[in-house]
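Single-structure report; data block below.
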Amino acid sequence: MTYKRITSFESGRLIALLAIIGLHSQVFMKTPLIFGEPIVGMFLNQMSRFAVPLFFIIAGYFYYPKLVASKSKEDVFAKYAKPLIIMWLSWSVVFLIIPFNFSILLTDGYLAERSNHWNNLLANPLNTLFEGSLVHLWYIPALICAIGIITLLHKYRLDNLLLPVGFILFIYGCAAGSYVPITNIEAPILTRNGPFFSTLFVVLGYEIHRRQIALNTKLSLIIASIGFSVFLIEANYLYFFANGAFYHDFLFSSPIWAVGIFLFLQEKSNFGEQLKPTAFSKDILGIYLCHLLIVIYFFNLVFMLNINPILSSFLALPFAFIISLLLVKLLRKLPFGYLLVR
């Protein structure tokens with residue numbers, strides 16, 4: 001996944017990563033409460049949902065020139081997927097072995113602590129196959145599925161089917177995902193995993209590059225704002241009127257929101273240059289892969305030290321980001337580091 005570093009895209013990736021870490025850190029999800037609900041935390045949670053779709057779109061945008069420039073489509077896919085699979089398997093092994101819950105570990109021992117996690121994974125093996133041994137690892141199999149579909153259709157000159165296939169998978173993913181309270185459609189796996197959502201987003205990035213689509217800043221921001229507004233409407237409708245959850249990875253408006261943000265970044269190529277995002281470019285995937293473990297350990301410390309939830313909300317994101325960054329840089333220096341980080 002090497003490509004010419006564009007400041008705005010790197011800024012988008014960095015901001016998206018911070019949003020994901022904040023989401024997993026459950027920032028302000030315990031307090032303050034407004035009308036008995038953590039309104040601030042709920043809003044921040046939903047604001048973070050642009051992040052993974054943006055990662056997928058950027059991946060598709062830069063996969064296009066690689067694919068069309070090579071005669072061997074299989075080689076392009078293999079070179080793209082192989083390091084991702086290695087990292088996914090390596091981190092899955094790590095998360096199978098390393099303990100999460102300090103309290104259970106200290107009171108009941110290693111096997112008791114790990115057996116809970118292993119049993120949860122074995123309870124749904126098909127889902128685990130498309131996810132890995134820790135929940136956030138689903139991103140890599142989903143990305144590989146999407147890239148594989150694009151490669152296959154492009155090889156047989158069926159590029160015009162990319163968007164229809166992406167939309168069909170996406171609609172099914174929503175219908176058998178967040179909209180289950182309305183549709184009663186059940187999928188064999190959690191539809192966030194696998195190709196159901198990732199394909200459309202990666203295809204959108206691919207098609208934006210292939211068709212040379214570009215919009216001005218104002219129109220891009222309008223599209224993003226409309227997408228986010230509709231996303232909130234969908235989430236609130238499902239929560240208050242359909243007996244569903246308030247928190248959703250993907251809803252029908254997610255592509256509108258994510259595409260608007262991407263087109264803004266494409267137009268404003270210098271966006272975020274003050275963040276020096278290219279300094280973190282090669283570390284972002286590694287930080288994503290290890291950050292949830294750091295967040296889990298942070299929760300352990302919060303519990304053991306009885307840290308105030310307001311204070312922990314302020315500390316969680318910088319703590320997880322900095323420690324994850326240092327861990328990635330350390331792993332890169334170790335002989336086996338190539339198995340875990342790029």
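Bear in mind the structure is a predicted one, so any value in this text is a computation, not a measurement.
Side-chain polar atoms of N101 and E113 form no donor-acceptor pair below 3.5 angstrom. A side-chain N or O of S281 and one of E10 form a donor-acceptor pair less than 3.5 Å apart.
Checking side-chain atoms of S324 against main-chain N and O of F321 turns up no donor-acceptor pair under 3.5 Å. No donor-acceptor pair under 3.5 Å is formed between the side chain of S8 and the backbone N or O of F271. Judged by distance alone, the side chain of N120 and the main-chain N or O of N116 form a donor-acceptor pair under 3.5 Å. Between the E131 side chain and the N193 main chain, no donor and acceptor come within less than 3.5 Å of each other. No donor-acceptor pair under 3.5 Å is formed between the side chain of S178 and the backbone N or O of L251. A distance-only check finds a donor-acceptor pair linking the side chain of T183 to the backbone of A175 [under 3.5 Å].
When the side chains of ILVMFWY residues are joined at heavy-atom separations under 4.5 Å, either directly or via intervening members, F50 and M47 end up in a single hydrophobic cluster. I256 and V230 fall into different hydrophobic clusters, defined by Ile, Leu, Val, Met, Phe, Trp and Tyr side-chain heavy atoms under 4.5 Å apart, directly or through other members. Taken together through direct or relayed side-chain contacts under 4.5 Å among Ile, Leu, Val, Met, Phe, Trp and Tyr, L129 and L96 form parts of separate hydrophobic clusters. By the criterion of side-chain heavy atoms lying less than 4.5 angstrom apart, applied directly or through intervening Ile, Leu, Val, Met, Phe, Trp or Tyr residues, I97 is not grouped with W88; the two fall into different hydrophobic clusters. Under the 4.5 Å side-chain heavy-atom criterion for ILVMFWY residues, no single connected hydrophobic cluster contains both I104 and L106.
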Side-chain donor-acceptor pairs of residues 294-305 under 3.5 Å, sequence neighbours excluded:
unit_1	atom_1	unit_2	atom_2	d
Y297	OH	P99	O	2.8
N300	OD1	F102	N	2.8
N300	ND2	F100	O	2.8
N300	ND2	I296	O	2.8

Show me the donor-acceptor pairs, under 3.5 Å and distance only, between side chains in residues 14-29 and residues at least two apart or in other chains.
unit_1	atom_1	unit_2	atom_2	d
H24	ND1	H291	NE2	2.8
S25	OG	I21	O	2.7

Can you give me every donor-acceptor pair (side chain of residues 51-61, partner residue at least two apart or in another chain, under 3.5 Å) with its distance?
unit_1	atom_1	unit_2	atom_2	d
Y61	OH	Q266	OE1	3.4

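Scanning both residues, V68 and H154, for their nearest heavy atoms gives CG1-CE1, 3.7 Å. Taking every heavy atom of both residues into account, P32 and V40 meet most closely at CG-CG2, 4.3 Å. Contact record, G260 with I223: CA-CG2, 3.9 Å, taken as the closest heavy-atom pair. Smallest separation of non-hydrogen atoms from T7 and P277: O-CG, 3.7 Å. The shortest heavy-atom contact between S133 and L137 is N-CD1, 4.0 Å. Nearest heavy atom pair, residue K329 against residue D283, reads NZ-OD2, 3.2 Å.
A 4.5 Å side-chain heavy-atom check between F241 and N236 finds every atom pair outside the cut-off. Contact check for I149 versus L169: side-chain heavy atoms found under the 4.5 Å cut-off. A 4.5 Å side-chain heavy-atom check between H248 and R49 finds every atom pair outside the cut-off. Side-chain contact check for L340 versus L289: every heavy-atom pair is 4.5 Å or farther apart. Looking at heavy atoms from C-beta onward, F77 lies out of side-chain contact with I150 at the 4.5 angstrom threshold. Side chains of L67 and Y206 form a contact here, defined as non-hydrogen atoms less than 4.5 Å apart. For the pair F252 and F170, the minimum side-chain heavy-atom distance is below 4.5 Å. With contacts defined as side-chain heavy-atom distances shorter than 4.5 Å, the pair I323/C290 does not qualify.
Here the CG-CG distance, from L162 to L200, works out to 10.5 Å after rounding to the nearest 0.5 Å. L134 contributes atom CG, which lies 11.0 Å from atom OG1 of T128 (distance to the nearest 0.5 angstrom). To the nearest 0.5 angstrom, L163 atom CG is 11.0 Å from I168 atom CD1. Atoms CG and CD1, on L238 and I233 in that order, are 12.0 Å from each other to the nearest 0.5 Å. Atom CZ of R13 and atom CD1 of I284 lie 4.0 Å apart (nearest 0.5 Å). Considering NE2 of H209 and NZ of K66, their distance stands at 12.0 Å, rounded to 0.5 Å.
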side-chain contact (heavy atoms from CB on, under 4.5 Å) assessment of C174 paired with F197:
CA-CA 8 Å; C174 285; F197 292 114; 3.6 Å; yes

When you look at L84 and L285, which way does the side-chain contact (heavy atoms from CB on, under 4.5 Å) test go after all the steps?
CA-CA 10 Å; L84 292 175; L285 180 58; 3.8 Å; yes

Determine, step by step, whether M42 and I34 satisfy the side-chain contact (heavy atoms from CB on, under 4.5 Å) criterion, reporting the C-alpha distance in whole Å, the side-chain angles of both residues, the deciding distance to 0.1 Å, and the verdict.
CA-CA 11 Å; M42 294 168 75; I34 302 172; over 6 Å; no

Residues Y288, I140; criterion side-chain contact (heavy atoms from CB on, under 4.5 Å); working and verdict:
CA-CA 11 Å; Y288 175 84; I140 288 183; 5.9 Å; no

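Below 30°, between 30° and 60°, or above 60°: for W138 and F250 the angle between ring planes is above 60°, a perpendicular geometry. Note on ring orientation: taking the six-membered ring where Trp is involved, the planes of W118 and Y110 are perpendicular (angle over 60°, cut-offs 30° and 60°).
Counted within 6.0 Å of NZ on K268, heavy atoms from surrounding residues, nucleotides or ligands total 12 or fewer; the atom is thus considered open. Atom CD of Q274 is surrounded by more than 12 heavy atoms from other residues, nucleotides or ligands within 6.0 Å.
The distance between the ring centers of F95 and H136 falls below 6.0 angstrom. Residues Y172 and F196 place their aromatic rings such that the two centres sit under 6.0 Å apart. Between F262 and F9, the distance from one ring center to the other falls under 6.0 angstrom.
When the options I261, L215, V259 are evaluated for a side chain to side chain contact (heavy atoms under 4.5 Å, CB included) with S220, the one that passes is L215.
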